[in-house]
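As structure tokens, the structure follows; a few thoughts come after it.
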Amino acid sequence: MEINPRYLSLAQIPTGAKCVVVKVHGHGNFRNRIIEMGFVRGVRVEVIKNAPLQDPIEYSLMGIHLTLRRSEAGLVEVVQETADFQDPQVETFAEEEIRSEADRRSKNIDIALVGNPNCGKTSLFNRATGLQERVGNYSGVTVEAKTGIFHHRGYTIHLIDLPGTYSLTEYTPEERYVREYIVNEHPDLVLNVVDALGLERNLYLTTQLLDMNIRVVMALNMYDELEKSEASLDYDSLGKLMGIPIVPTVASRGVGIDALLDRIIEVYEDRSETVRHIHINYGQEVEEAISEIKKRVYQYPEVTDAYTPRYVALKLLEGDSLMQEHFQSEPGRDALMALCAEKRERVEREYREEVRTCIANSKYGFIRGALQETFVPSPKEQRKSTTSIDRFLTHRWFGIPILIFFLWLMFQTTFTLGSYPMEWIDAGVGHLSEWLLKVMAPGPLTDLLVNGIVAGVGGVLVFLPNILILFFFISLMEDTGYMARAAFIMDRLMHKIGLHGKSFIPLLMGFGCNVPAVMATRTLENRRDRLMTMLIVPFMSCSARLPVYLLLVAAFFPHHQGLVLISIYAAGIFFAILTGVLLNKTIFRKVSDPFVMELPPYRMPTLRNALLHMWNKAVQYLKKMGTVILAASVLIWALGYFPLDRKPGQEEASYIVQIGQAIEPVIEPLGFDWQMGVSLVSGIAAKEVVVSTMEVLYAEQELAQQPAFTPWVAYGFMLFILLYFPCMAVVAAIKKEAGWKWALWSIFYTTALAWVVAYLVRLLSYCFG
Ligand code: GDP
Ligand code: MG
């Protein structure tokens, strides 16, 4: 990397000389790292060994010896102390002067003006500097960078008017110029001038600045025109979402310039509360590719000194030639490029689009999402853009009913269509058992096969059609882009329980099966949201719990089946919300920063993609359920089958019955008998197992004739089933995603809650029953 000529850098100080740090240049991660090492303003550094062409360089600061790469030292600006052997080219200072000189220099701020053509950069430049640069109403007037110097609140500001560009890729000379200027000259911050009348297009450039992780302040220019058009923009919120302070300006009349400069100084001094580095989410495939490439990029520290690893990875994935040039003579270059090409092809196969297009689409999705939340177009514009589906689908009032309609349609279709293959599988499993019983000699092995493995795995297989159909719909919603809208609509509501709209997707999937739902929390940005979502997913009543309800509802509420069923699902949602609120007030008190809910472009879904995604999710489900359920079925079977020395008619002596009797005192206050206890224990493996266990234990009699059972007890039992112990597969999934601690937390919390709720139902039954 080239050494910057615009300031004296630590890399230029010869062995034995002393200097004082003025500031650290470069991108955010780099600055933080170097500052943490102790290279802060005013610190005196002595050069222990700086041999030309030799890396690293050795320094002593505050009595500690440390080394910096040449590329790192080149980004630390210093002033040099007078020494006997000084270089006549370098300005040096006496010991008593040097600190005040460093202080003075640290009050120099270099600012680069970046923006689309005609957004008002030159007007702003002229207003701020007092110069009269020629202002034109057409692009291409600013051919090269013009610098102006002026003062503001004791700071000396160097402003550079760069050529206007729409993007920071590599296609036009202007783009290359601006991009190289930012990277090689590292201004202290970029002033992004944005035309308020063309937000979507102007913000595209801003998203590219976000990728670079540099300090940015935005001038929301042409603000007079925006107000005249009767549109409105909540620029404070937009700034918070993007992590960039935004100041409205009218550059042509000099309005807002002082406020803008104040804000710039705040950011320069790292005092701004708005500033934060955000990542734009480029979608699962691209993000996976980025993180794979990023791992390799870390092996090239000289490159990551100049750019953040994420940016390098993003650009390499795009096949950006400017970025590739940095690797020209690096070892392992070919392997890295091959990896990038492979990832690029993979993404392009998946999305059937060029990677660059994909990334651009995600950027526009980010912008659209940010604007949907903060921008209200002028009434005239609104009328023109009634064609925009988003105005309708994410409408403040229509949005939720439309969403509810789609969800209703989805669940309705899932369960109606699913019931046919469900019956076939059920019948098939029945035939298989019968056939096995016929061809095999009776004995423990046959019993294990029929009552353990076939019954257990069959019980899971039965739900496969429902889950496949549900996943098909979810894939369809994801592929069309509607899922992002659903998340957007739910965002406001989800905030009330301290979550983001994006958590809605895993929660929705939870109605199919909690296992893939827990896995889907991976797409959430931060750990807090992931954990919270994971912990409330089990309250979404999965399809495995449905047969238990169906059995009990048919037996005890024959006249209000639908109503009772809905009340159970609603109770699940209620306890999810309650838990969310509780977690939010206790363990997860710190609310994470707001982030943009991307609105990616709508696409025509392809059947191939939807089927492919459906299949991927189904495989996840089958793997988890298959292994865990198989093991659990065998275990439950064994507990019911052994010990073998039981005499006929003494069924109670099996281990599972002993367990049921052991826990009877605990569930007795709930009005449950030991058979229900056994069913609950077996339901830990998978909740549908409760049905088969009850069928075995109550084989002789109708449920409704059981002495323990009343409608109240049945209702309490259903709530218990809904709430208690997420099945083993879900616990395994939580353990994998969040560790044992949270898996255990989930087990205890849900079971305790189930007990309390069932007990309350019991109390109510005394009052009303
Ligand atoms: P540049 O291409 O980004 O350097 O933009 P210029 O500074 O050359 O401005 C383009 C045109 O927009 C000129 O006619 C300016 O007078 C006008 N202009 C600049 N800022 C504003 C503003 O805030 N409001 C209005 N109404 N016009 C502006
Ligand atoms: Mg200009």
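Ligands are counted one by one from 1 in listed order, and the atoms in each one are counted from 1 as well.
At least one N/O-N/O distance between N118 and ligand 1 falls below 3.5 Å. Residue contacts with ligand 1: P117 is placed with no nitrogen or oxygen under 3.5 Å of a nitrogen or oxygen of the ligand (distance criterion only). For ligand 1, the polar-atom distance check against V250 finds no nitrogen or oxygen pair separated by under 3.5 Å.
Below 4.0 Å from some heavy atom of T122 lie the following atoms of ligand 1, by number and element: 1 (P), 4 (O), 7 (O). Listed by number with element, the atoms of ligand 1 under 4.0 Å from a non-hydrogen atom of A251 are 20 (N), 22 (C), 23 (O).
Contacts of E225 with ligand 1, taken as heavy-atom pairs under 4.0 Å, involve the side chain alone.
Counting heavy atoms of neighbouring residues, nucleotides and ligands inside a 6.0 Å radius, atom CD of E325 exceeds 12 of them. Heavy atoms of other residues, nucleotides or ligands lying less than 6.0 angstrom from CD of Q284 number 12 at most.
Counting backbone and side-chain atoms alike, N118 contributes no N/O/S atom closer than 2.8 Å to the Mg ion (ligand 2).
Within the 4.5 Å cutoff, no side-chain heavy atoms of N116 are placed close to those of D195.
F327 has its ring centre less than 6.0 Å from the ring centre of Y300. For Y307 and H326, the ring centers are positioned less than 6.0 Å apart. Taking the six-membered ring for Trp, H25 and H27 have ring centres at least 6.0 Å apart.
Nearest to atom 6 (P) of ligand 1 by heavy atom, out of S123, A196, C119, is S123. The closest heavy-atom contact to atom 26 (N) of ligand 1, among the options L220, D224, L124, N126, comes from D224.
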- Test salt bridge (charged side-chain N to carboxylate O under 4.0 Å, His left out) on R356 and D320 and set out the steps. CA-CA 9 Å; R356 288 173 193 235; D320 177 273; 5.1 Å; no

